[in-house]
Amino acid sequence: MIIYVLSRFKDSYSTSRLKEEAVGLGHKVKVIDYMHCELLIDKKFTVKYLNVPLKIPDVVIARVGASSTRQGAAVLKHFQCMGVRLLTTPEGLIQSRDKFLAMQLMKMENLPMPKTLHFFTKTTFSNIQYEIGNPPFIIKLLESTQGLGVFLAHNKTVAEKIFATYMSSNEPFLVQEFIKESSGKDIRAFVVGDDVVASMERVALSGEFRSNLHRGGTAYKVELTDEERDIAIRAANVFGLEIAGVDILRSKKGPLLLEVNSSPGLEGIEKYSEVNVTEHIIKWIEQHGN
Ligand SMILES: Nc1ncnc2c1ncn2[C@@H]1O[C@H](COP(=O)(O)OP(=O)(O)O)[C@@H](O)[C@H]1O
Ligand SMILES: [Mg+2]
């Protein structure tokens with residue numbers, strides 16, 4: 001098969017692993033920096049890369065960064081319009097990157113999640129407290145990754161300062177109940193196709209509530225319960241994603257979904273789960289090619 005990997009960084013762990021495994025299994029692989037694509041609509045759809053029209057591949061794998069979601073989605077859509085098989089749909093990419101839209105769509109499928117509130121104009125603190133409960137609250141920017149846009153407000157003063165900052169800069173955010181018992185810990189379930197192929201529990205640095213590996217957290221492999229596995233698969237399905245990293249909190253009320261990552265990194269999950277996740281991806285493509 002001819003496989004294109006859309007990625008800004010050809011030497012990154014995830015991109016080079018995809019290339020290595022696919023080439024090892026006899027496929028032709030081209031890494032395409034989608035920011036250097038031109039999308040032409042004329043008599044037909046054409047993707048030009050560095051000024052040369054690209055051949056139509058069999059499959060496109062997307063590794064689209066958070067700062068170029070729109071461009072990555074446009075390139076994916078063009079390939080989809082050309083009849084190419086995608087593992088990440090442009091719609092799924094866009095929907096999963098908006099944390100509140102993602103929550104709305106997952107709730108429509110009756111998936112469990114922390115209580116979440118989104119508002120646009122100044123509201124009273126007692127209203128937020130009425131909806132979400134007493135602080136601490138989690139406050140999240142709608143479009144952020146690696147834990148960078150996630151804050152813990154311990155009291156009213158801090159929460160109001162954060163709200164005022166985001167409102168004045170027109171940054172959309174959500175407020176969420178803080179799941180205390182899972183502070184500093186979460187589960188990453190890696191979905192490929194119709195199954196969870198690997199999972200890890202991530203643990204934050206001491207004094208840190210965000211368990212993202214990019215925030216200095218570490219991880220170890222963990223067995224998921226049937227319920228967690230089922231939730232992860234259903235969450236990936238909401239967005240039509242055949243490759244997804246699903247973040248889940250283990251709470252007193254049971255598993256709660258945080259988000260679905262549409263270009264999940266491979267380095268942490270391969271290291272800590274000791275599973276060759278990349279091979280699972282290429283094998284899935286081979287079995288469900290066209
Ligand atoms: N409601 C919450 N209660 C407790 N911890 C949370 C909550 N929301 C997020 N966290 C912590 O913050 C981390 C980052 O949040 P997440 O929603 O996954 O955003 P990001 O896209 O930045 O990874 C999570 O992995 C988890 O450790
Ligand atoms: Mg996350």
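One-based numbering, in listed order, for ligands and for the atoms of each. All values reported here derive from a predicted model rather than from experimental measurement.
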>> Using a 3.5 Å distance criterion without hydrogens, assess whether the side chain of Glu259 forms a donor-acceptor pair with backbone atoms of Asp247.
In response: no
>> Has Ser182 got a side-chain atom pairing as donor or acceptor with Leu249's backbone, closer than 3.5 angstrom?
In response: no
>> So Leu76 and Leu93, do their side chains get closer than 4.5 Å, heavy atoms only?
In response: yes
>> Any non-hydrogen side-chain atom of Ile32 less than 4.5 Å from a side-chain atom of Leu54?
In response: yes
> Take atom NZ in Lys140; do more than 12 heavy atoms of anything else shown fall under 6.0 Å from it?
Replying inline: yes
>> Can you confirm whether Glu223 is buried at CD, in the sense that more than 12 heavy atoms of other residues, nucleotides or ligands lie under 6.0 Å from that atom?
In response: no
> Around the Mg ion (ligand 2), what protein N, O or S atoms are found below 2.8 Å?
Replying inline: Asp247 OD2, Glu259 OE2
> Are Phe119 and Phe173 close enough that their ring centres sit under 6.0 Å apart?
Replying inline: yes
>> Before we go on, tell me: are the rings of Phe151 and Phe137 under 6.0 Å apart, centre to centre?
In response: no
> If you round to the nearest 0.5 Å, how far is CD of Glu228 from CZ of Arg250?
Replying inline: 4.0 Å
Identify the protein atoms, limited to N or O, that lie within less than 3.5 Å of an N or O atom of ligand 1, and list each pair with its distance to 0.1 Å.
{"unit_1": "ligand 1", "atom_1": "1 (N)", "unit_2": "Gln176", "atom_2": "OE1", "d": "3.1"}
{"unit_1": "ligand 1", "atom_1": "1 (N)", "unit_2": "Glu177", "atom_2": "O", "d": "2.9"}
{"unit_1": "ligand 1", "atom_1": "3 (N)", "unit_2": "Ile179", "atom_2": "N", "d": "3.0"}
{"unit_1": "ligand 1", "atom_1": "8 (N)", "unit_2": "Lys140", "atom_2": "NZ", "d": "3.1"}
{"unit_1": "ligand 1", "atom_1": "17 (O)", "unit_2": "Lys140", "atom_2": "NZ", "d": "2.7"}
{"unit_1": "ligand 1", "atom_1": "18 (O)", "unit_2": "Asp247", "atom_2": "OD2", "d": "3.3"}
{"unit_1": "ligand 1", "atom_1": "18 (O)", "unit_2": "Glu259", "atom_2": "OE2", "d": "2.9"}
{"unit_1": "ligand 1", "atom_1": "19 (O)", "unit_2": "Lys99", "atom_2": "NZ", "d": "3.4"}
{"unit_1": "ligand 1", "atom_1": "21 (O)", "unit_2": "Lys99", "atom_2": "NZ", "d": "2.5"}
{"unit_1": "ligand 1", "atom_1": "21 (O)", "unit_2": "Ser144", "atom_2": "O", "d": "3.3"}
{"unit_1": "ligand 1", "atom_1": "21 (O)", "unit_2": "Glu259", "atom_2": "OE1", "d": "3.1"}
{"unit_1": "ligand 1", "atom_1": "21 (O)", "unit_2": "Glu259", "atom_2": "OE2", "d": "2.9"}
{"unit_1": "ligand 1", "atom_1": "22 (O)", "unit_2": "Gln146", "atom_2": "N", "d": "3.4"}
{"unit_1": "ligand 1", "atom_1": "22 (O)", "unit_2": "Gly147", "atom_2": "N", "d": "2.6"}
{"unit_1": "ligand 1", "atom_1": "23 (O)", "unit_2": "Asn212", "atom_2": "ND2", "d": "2.8"}
{"unit_1": "ligand 1", "atom_1": "23 (O)", "unit_2": "Glu259", "atom_2": "OE2", "d": "3.0"}
{"unit_1": "ligand 1", "atom_1": "25 (O)", "unit_2": "Asp186", "atom_2": "OD2", "d": "2.7"}
{"unit_1": "ligand 1", "atom_1": "25 (O)", "unit_2": "Ser211", "atom_2": "OG", "d": "3.4"}
{"unit_1": "ligand 1", "atom_1": "27 (O)", "unit_2": "Phe209", "atom_2": "O", "d": "3.4"}
{"unit_1": "ligand 1", "atom_1": "27 (O)", "unit_2": "Ser211", "atom_2": "N", "d": "3.0"}
{"unit_1": "ligand 1", "atom_1": "27 (O)", "unit_2": "Ser211", "atom_2": "OG", "d": "2.8"}

